[in-house]
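Here you go, one structure.
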Amino acid sequence: MTSFSLLAPAKLNLFLHINGRREDGYHELETLFTFLNYGDQLTFTLTETTAIEVTGDTFAIPLKDNLIYKAAVLLQKHCNSVFGAKINLTKILPMGGGVGGGSSDAASTLLALNKLWRCQLSLQELAQLGVQLGADVPVFINGKSALAQGIGEKLVDVELPQKWYCVVHPSEHVSTAKIFTHPDLKRDTPKLNGNWQQHTLGNDCEPLVKKLCPEVEKTLQWLLKYAPSKMTGTGSCCFVEFATQKEAQHVLENLPDSWDGFIASSVNISPAHTQLNAIHLSNEVTYK
Ligand SMILES: C[C@](O)(CO)[C@H](O)COP(=O)(O)OP(=O)(O)OC[C@H]1O[C@@H](n2ccc(N)nc2=O)[C@H](O)[C@@H]1O
Ligand SMILES: Nc1ncnc2c1ncn2[C@@H]1O[C@H](COP(=O)(O)OP(=O)(O)OP(=O)(O)O)[C@@H](O)[C@H]1O
């Protein structure tokens, strides 16, 4: 049997600026991405037919809409692969929470199947495929904390100090599409062109999301008791940053019952890449 597991880590947008709107509706961004040592768990097993099977915590997402399935089919077609795969998902990350779970699942799928099917695509080629699935997929393929421009796909790697985060998921869902199509979204922040200082910069989606979702406003206010709070992506998750695990744990222990949360440390290299590099497949292909 040829089978292995990979983490699909969460990301945080340490700041997020919107510089304008393109004709195709997508927005020009500047954002700082970090990865967390925390995420979904995916197991990939090589199969001898071309069928792609996704099992586990797939909830109500129809197979054809599942980003894991879409990523697998995209790679299979691109590489004319004669192989298939059974993919099992253990969902840990909140869906639609701004921590990029779906995009990360898609990226880990592309990375894993590229190896399992011996497609031998470069990270750049995988990122070009990945961006067709979502603007956040390339950063997970690139696997390094990065300053992103364009729609989020033009990446410059950065080294960030390791921190601990307490991430809170309020009991309210925010649709990314709804925020990006809303007339009140701030879309005119001037480009920084490399002059960024993460702690002084915020998230341009935050004022609108706070207005539309009182729970997000409440969460940000509550977190302020402990440290400066920010929202990630288009929400609804909010976070606070600390130097130590103990400080982050303290916030989590005091979290009101109606909110979910987790703590995690940041990493400059995506855990999916660290794991993938440690996997050595035997030359002999065996199926399940
Ligand atoms: C907000 C972020 O999470 C920041 O990291 C991402 O930009 C969103 O990335 P994502 O969820 O992978 O985005 P997609 O699945 O490509 O698009 C979701 C929705 O957001 C809009 N969208 C996304 C990215 C972007 N730069 N401009 C946009 O206007 C798209 O038009 C779409 O309606
Ligand atoms: N494997 C998957 N995991 C999570 N969501 C998925 C998956 N496949 C498809 N989706 C769809 O994608 C939507 C967005 O999911 P995701 O969890 O990535 O949002 P997010 O964390 O807000 O991402 P972002 O920060 O990139 O906007 C979900 O509401 C769900 O309908």
Side-chain angles (χ1 to χ4, degrees), residues 8-36 38-42 52 54-74 87-110 127 130-142 145-155 167 169-170 172-182 185-187 203-206 208-209 213 216 230-239:
K11 57 86 176 164
L12 292 178
N13 299 95
L14 296 180
F15 72 82
L16 173 59
H17 283 179
I18 304 175
N19 312 115
R21 193 182 204 170
R22 302 193 324 195
E23 285 198 345
D24 63 3
Y26 267 83
H27 289 74
E28 285 284 326
L29 310 173
E30 279 182 320
T31 186
L32 183 61
F33 282 110
T34 192
F35 298 109
L36 298 181
Y38 183 89
D40 296 342
Q41 186 74 24
L42 288 162
I52 310 284
V54 182
T55 56
D57 304 330
T58 54
F59 304 103
I61 304 172
L63 183 66
K64 66 171 189 21
D65 296 333
N66 193 314
L67 286 161
I68 296 169
Y69 179 78
K70 287 168 95 168
V73 170
L74 191 63
I87 308 169
N88 188 72
L89 167 68
T90 306
K91 194 80 197 163
I92 304 291
L93 299 174
M95 300 216 313
V99 294
S103 308
S104 188
D105 287 351
S108 285
T109 301
L110 289 172
V131 76
Q132 298 171 36
L133 301 168
D136 271 348
V137 179
V139 73
F140 289 108
I141 296 283
N142 189 48
S145 36
L147 186 71
Q149 293 188 320
I151 63 164
E153 88 293 16
K154 290 185 189 147
L155 303 166
V167 181
H169 185 218
E172 211 163 356
H173 174 83
V174 182
S175 146
T176 302
K178 183 176 171 186
I179 299 307
F180 275 122
T181 50
H182 201 285
L185 179 67
K186 177 169 165 50
R187 300 179 162 89
N203 182 330
D204 283 343
C205 301
E206 222 180 87
L208 175 62
V209 177
C213 302
V216 170
K230 275 187 202 174
M231 197 180 76
T232 177
T234 51
S236 58
C237 286
C238 303
F239 61 93

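Heavy-atom basis, side chains included; hydrogens, waters and symmetry copies ignored. Remember, it's 1-based here, ligands and their atoms both numbered in the order they're listed.
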### Query
What is the nearest protein non-hydrogen atom to atom 4 (C) of ligand 1, stated with its residue, atom name and distance?
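That would be N13 ND2, 3.5 Å.
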
### Message
For the 3.5 Å polar cut-off, considering only N or O atoms, please tell me whether T234 and ligand 1 meet it.
### Response
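T234 vs ligand 1: no N/O contact under 3.5 Å.
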
### Task
Of the side chain and backbone of K11, name the one, both, or neither that has a heavy atom under 4.0 Å from an atom of ligand 1.
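Side chain only.
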
### Message
Main chain of K178, side chain of S175: is a donor-acceptor contact present, judged purely on distance under 3.5 Å?
### Response
yes

### Query
Quick check: does any side chain N or O of N13 sit under 3.5 Å from a backbone N or O of G233, one acting as donor and the other as acceptor?
yes

### Query
Any protein heavy atom under 4.0 Å from atom 31 (O) of ligand 2?
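Looking at atom 31 (O) of ligand 2, one finds that no protein heavy atom lies closer than 4.0 Å.
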
### Message
So if I count the atoms of ligand 2 from 1 in the order they appear, which ones are less than 4.0 Å from some heavy atom of G97?
### Response
20 (P), 21 (O), 22 (O)

### Task
For this output row, return yes or no: ring centroids of H17 and F15 closer than 6.0 angstrom.
yes

### Query
Would one find an N or O of L89, backbone or side chain, under 3.5 Å from an N or O of ligand 2?
no

#### Entry: atom 25 (O) of ligand 2: nearest protein contact (heavy atom, Å)
K11 NZ, 3.0 Å

### Message
Counting only heavy atoms, tell me which of I179, D24, D136 gets closest to atom 2 (C) of ligand 1.
### Response
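When every heavy atom of I179, D24, D136 is considered, D136 comes closest to atom 2 (C) of ligand 1.
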
### Message
Would T176 count as a polar contact of ligand 2, with the cut-off being nitrogen or oxygen pairs under 3.5 Å?
### Response
yes

### Query
Nearest protein heavy atom to atom 26 (O) of ligand 2, by residue and atom, and its distance?
D136 OD2, 2.5 Å

### Task
Taking only heavy atoms of S103 into account, list the atoms of ligand 1 that are under 4.0 Å away from them.
12 (O)

### Query
With a 4.0 Å cut-off on heavy atoms, is G102 touching ligand 2?
yes

## Note on the structure
Among non-hydrogen protein atoms, atom 12 (O) of ligand 2 lies closest to L67 CD1, 4.1 Å

### Message
Suppose we measure from atom 10 (N) of ligand 2 to each protein heavy atom; which comes out shortest, and what is that distance?
### Response
I61 CD1, 3.8 Å

### N/O donor-acceptor pair under 3.5 Å between D40 side chain and I92 backbone
yes

### Message
What I want to check is whether the side chains of R22 and H27 have a donor and an acceptor closer together than 3.5 Å.
### Response
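No pair is found: no donor N or O on one side chain lies under 3.5 Å from an acceptor on the other.
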
### Task
Output the list of atoms in ligand 1 that are nearer than 4.0 Å to some heavy atom of A177, sorted by atom number.
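Atoms satisfying the 4.0 Å criterion: 33 (O).
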
#### Entry: Any donor-acceptor pair under 3.5 Å from T232 side chain to C237 backbone
no

### Query
Which of the atoms of ligand 1 are close to T176, meaning less than 4.0 Å from one of its heavy atoms?
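Heavy-atom distances to T176 below 4.0 Å select 18 (C), 19 (C), 20 (O).
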
### Message
Any side-chain to backbone donor/acceptor pair from T31 onto A148? Under 3.5 Å, distance only.
### Response
no

### Query
Would you say ligand 2 has an N or O under 3.5 Å from any N or O of G96?
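Yes.
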
### Message
Side chains of T34 and S145: any donor to acceptor distance under 3.5 Å?
### Response
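No donor-acceptor contact under 3.5 Å links the two side chains.
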
### Query
Do F35 and F140 make the cut of ring centroids closer than 6.0 angstrom?
yes

### Query
Looking at F180, which atoms of ligand 1 are within less than 4.0 Å of one of its heavy atoms?
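Selected atoms, number and element: 1 (C), 20 (O), 21 (C), 22 (N), 23 (C), 28 (C), 29 (O).
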
### Query
Mind checking whether A135 has an N or O less than 3.5 Å away from an N or O of ligand 1?
yes

#### Entry: Heavy atom of the protein closest to atom 9 (C) of ligand 2 (residue, atom name, distance)
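Checking every protein heavy atom, the shortest distance to atom 9 (C) of ligand 2 gives D65 O, 3.4 Å.
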
### Identity and distance of the protein heavy atom lying nearest atom 4 (C) of ligand 2
K91 NZ, 3.3 Å

### Summary
Sorted by chain and residue number, the side chain to side chain donor-acceptor pair (under 3.5 Å) partners of S236 (sequence neighbours excluded) come out as none

#### Entry: Check: Q41 side chain, T90 main-chain N or O, donor-acceptor pair, under 3.5 Å
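Here the side-chain-to-backbone pair does not exist.
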
### Nearest-neighbour protein heavy atom for atom 20 (P) of ligand 2, which is reported as residue plus atom name and distance
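Result: G98 N, 3.4 Å.
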
#### Entry: Numbering as shown, the atoms of ligand 1 that approach H27 to under 4.0 Å (heavy-atom distance)
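Those of ligand 1 that fall under 4.0 Å from H27 are 25 (C), 26 (N), 27 (N), 28 (C), 29 (O).
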
### Task
Test T55 against L89 for side-chain contact (heavy atoms from CB on, under 4.5 Å), laying out the working first.
CA-CA 6 Å; T55 56; L89 167 68; over 6 Å; no

### Polar proximity ligand 1 side, Y26 side, N/O cut 3.5 Å exclusive
yes

### Query
Any ion pair linking K186 and D204 (charged N to carboxylate O, less than 4.0 Å)?
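The answer is no: the pair does not qualify as a salt bridge.
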
### Task
Provide the number and element of each atom of ligand 1 under 4.0 Å from a heavy atom of L29.
7 (O), 26 (N)

### Query
Which option, P94, G100, A60, A10, owns the non-hydrogen atom nearest atom 21 (O) of ligand 2?
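Among P94, G100, A60, A10, the closest heavy atom to atom 21 (O) of ligand 2 comes from G100.
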
### Query
Considering only heavy atoms of G25, which atoms of ligand 1 have at least one such atom less than 4.0 Å away?
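Counting from 1, the qualifying ligand atoms are 29 (O).
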
### N or O contact, V99 vs ligand 2, cut-off under 3.5 Å
yes

### Numbered atoms and elements of ligand 1 in range of F33, under 4.0 angstrom, heavy atoms
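What qualifies from ligand 1 is 5 (O).
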
### Message
Below 3.5 Å, N or O to N or O, backbone or side chain included: is there any such pair between I151 and ligand 1?
### Response
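Min N/O separation from ligand 1 is below 3.5 Å for I151.
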
### Query
Is the side chain of D136 donor-acceptor paired with the backbone N or O of G100 at a distance under 3.5 Å, no angle test?
no

#### Entry: Verdict with reasoning, C205 to I18, per side-chain contact (heavy atoms from CB on, under 4.5 Å)
CA-CA 8 Å; C205 301; I18 304 175; 3.9 Å; yes

### Task
Return yes or no for this condition: an N or O of T31 is under 3.5 Å from an N or O of ligand 1.
no

### Task
Kindly indicate whether atom 2 (C) of ligand 2 is approached by any protein heavy atom to under 4.0 angstrom.
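Yes, at least one protein heavy atom sits under 4.0 Å from atom 2 (C) of ligand 2.
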
### Query
Just by modelled atom types, is the A106 backbone N or O under 3.5 Å from a matching donor or acceptor in the K70 side chain?
no

### Query
Relative to ligand 1, is V137 under 4.0 angstrom through side chain, backbone, both or neither, heavy atoms considered?
neither

### Query
What protein heavy atom sits nearest atom 5 (N) of ligand 2, and how far off is it?
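Answer for atom 5 (N) of ligand 2: M95 SD, 3.7 Å.
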
